[in-house]
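Contents: one structure, followed by commentary.
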Amino acid sequence: MIRFENVSKVYARGARPALDQVSMEVERGEFVFLVGASGSGKSTFLRLVLREERPTSGQIFALGRDLAQLSRWKVPHLRRQIGTVFQDFRLLPNKNVFENVAIALQVIGKPRHHILTTVPETLELVGLDGKEKRLPHELSGGEQQRVAIARAMVNRPQVLLADEPTGNLDPTTSIGIMRLLDRINRTGTTIVMATHDDEIVDQMRKRVVELANGTMVRDQSRGVYGAGR
Ligand SMILES: Nc1ncnc2c1ncn2[C@@H]1O[C@H](COP(=O)(O)OP(=O)(O)OP(=O)(O)O)[C@@H](O)[C@H]1O
């Protein structure tokens, strides 16, 4: 589903690599935690998968495509098959819940009847049915993140990339979000989640890939946040 072969990324000439010779593969249907200190390269990894950045060396394959060979006009098509969720939710403040999710379908030209059936289904999936008309500021942080997850999933992407999705949430709310992500994963969506949340990682016991200064230092199945525990 995602394969990195000796991937390095150097942002500025002379700077130390943000990623240094990383090779790893994420199989279809996996749930992978990407852990590591601030600045270890987790976000860089995710941006490379989305082709928001290009590697300085090495090869990246995502959803069966060699990203170096992908022409610029095909990049939006790639991104449509990869949902993204961030720490800061990134909702449109003046649009209600329904509209925030519908927009992901409107921008790709889906017909109105499709939007009118798919958005409520997706809101139900994330546990937000009945809250269609609320504005983001009328929702809790956990509910706002559920809207963001609904927006990421409404197009049924093959992969979901999550960058610190529980970073702004309290522990109890975070557990609810993780249950939702686990459920989404069990229905077949591959998930890669960058996180600092040790409790969540320790509870979920999924594959853990650890980066340190851009180097992959650990790849552990059913892993924990810190090595050696
Ligand atoms: N656009 C950029 N230009 C220059 N350097 C960058 C850029 N983005 C990231 N870096 C550098 O690359 C390294 C890796 O950053 P990255 O954001 O991938 O780390 P991270 O593990 O996601 O950190 P955090 O947990 O704080 O989000 C850091 O040294 C960072 O300063």
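In each ligand, atom 1 is the first atom listed, and ligand 1 is the first ligand listed.
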(request) If you have a sec, work out which protein heavy atom is nearest atom 17 (O) of ligand 1 and how many Å separate them, to one decimal? (result) S43 CB, 3.7 Å
(request) Please check if the side chain of D219 supplies one atom and the backbone of E210 the other of a donor-acceptor pair under 3.5 Å. (result) no
(message) Check this for me: does any side-chain nitrogen of one of R28 and E30 sit under 4.0 Å from a carboxylate oxygen of the other?
(response) no
(message) Heavy atoms only, cut-off 4.0 Å: how does A15 contact ligand 1, side chain, backbone, both, or neither?
(response) neither
(request) Mark up the atoms of ligand 1 that fall under 4.0 Å of a heavy atom belonging to A37, in ascending order. (result) 21 (O)
(message) Distance under 4.0 Å to a non-hydrogen atom of R16: what atoms of ligand 1 satisfy this?
(response) 29 (O)
(message) Is any side-chain heavy atom of T173 closer than 4.5 Å to one of E143?
(response) no
(message) Taking D163 first and then K42, would you say they form a salt bridge - that is, a charged N and a carboxylate O separated by under 4.0 Å?
(response) no
(request) Could you tell me whether G41 and ligand 1 have an N or O pair separated by under 3.5 Å? (result) yes
(message) Would you say Y11 and T56 are linked by a side-chain donor-acceptor pair, where the criterion is simply a distance under 3.5 Å?
(response) no
(request) Could you tell me which atoms of ligand 1, counted from 1 in the order shown, lie closer than 4.0 angstrom to a heavy atom of T44? (result) 14 (C), 15 (O), 16 (P), 18 (O)
(message) Considering non-hydrogen atoms of the protein only, which is the closest contact for atom 4 (C) of ligand 1, and what is the distance?
(response) Y11 CB, 3.3 Å
(request) Between R47, K42, E53, flag the one that comes closest to atom 25 (O) of ligand 1 by a heavy atom. (result) K42
(message) As an exercise, identify every atom of ligand 1 less than 4.0 angstrom from a heavy atom of H196.
(response) 25 (O)
(message) Any protein heavy atom at under 4.0 Å, with atom 31 (O) of ligand 1 as the reference point?
(response) no
(request) Write out the residue and atom name of the closest protein heavy atom to atom 28 (C) of ligand 1, then the distance separating them to 0.1 Å. (result) G39 O, 3.8 Å
(request) Could you check if a side-chain atom of I184 sits within less than 4.5 angstrom of a side-chain atom of L180, using non-hydrogen atoms only? (result) yes
(message) Counting non-hydrogen protein atoms only, what is the nearest one to atom 26 (O) of ligand 1? Give residue, atom name and distance.
(response) S38 OG, 2.6 Å
(message) Ring centroids only, cut at 6.0 angstrom: are F45 and F4 within range, meaning strictly under it?
(response) yes
(message) What I want to check is whether the side chains of Q59 and D66 have a donor and an acceptor closer together than 3.5 Å.
(response) yes
(request) Taking only Lys NZ, Arg NE, NH1 and NH2, and the carboxylate oxygens of Asp or Glu, determine whether K9 and D20 approach each other closer than 4.0 Å. (result) no
(message) When you measure from the heavy atoms of S40 to every atom of ligand 1, does any distance fall below 4.0 Å?
(response) yes
(request) Considering only non-hydrogen protein atoms, determine which one is nearest to atom 12 (O) of ligand 1 and report residue, atom name and distance to 0.1 Å. (result) A18 CB, 3.2 Å
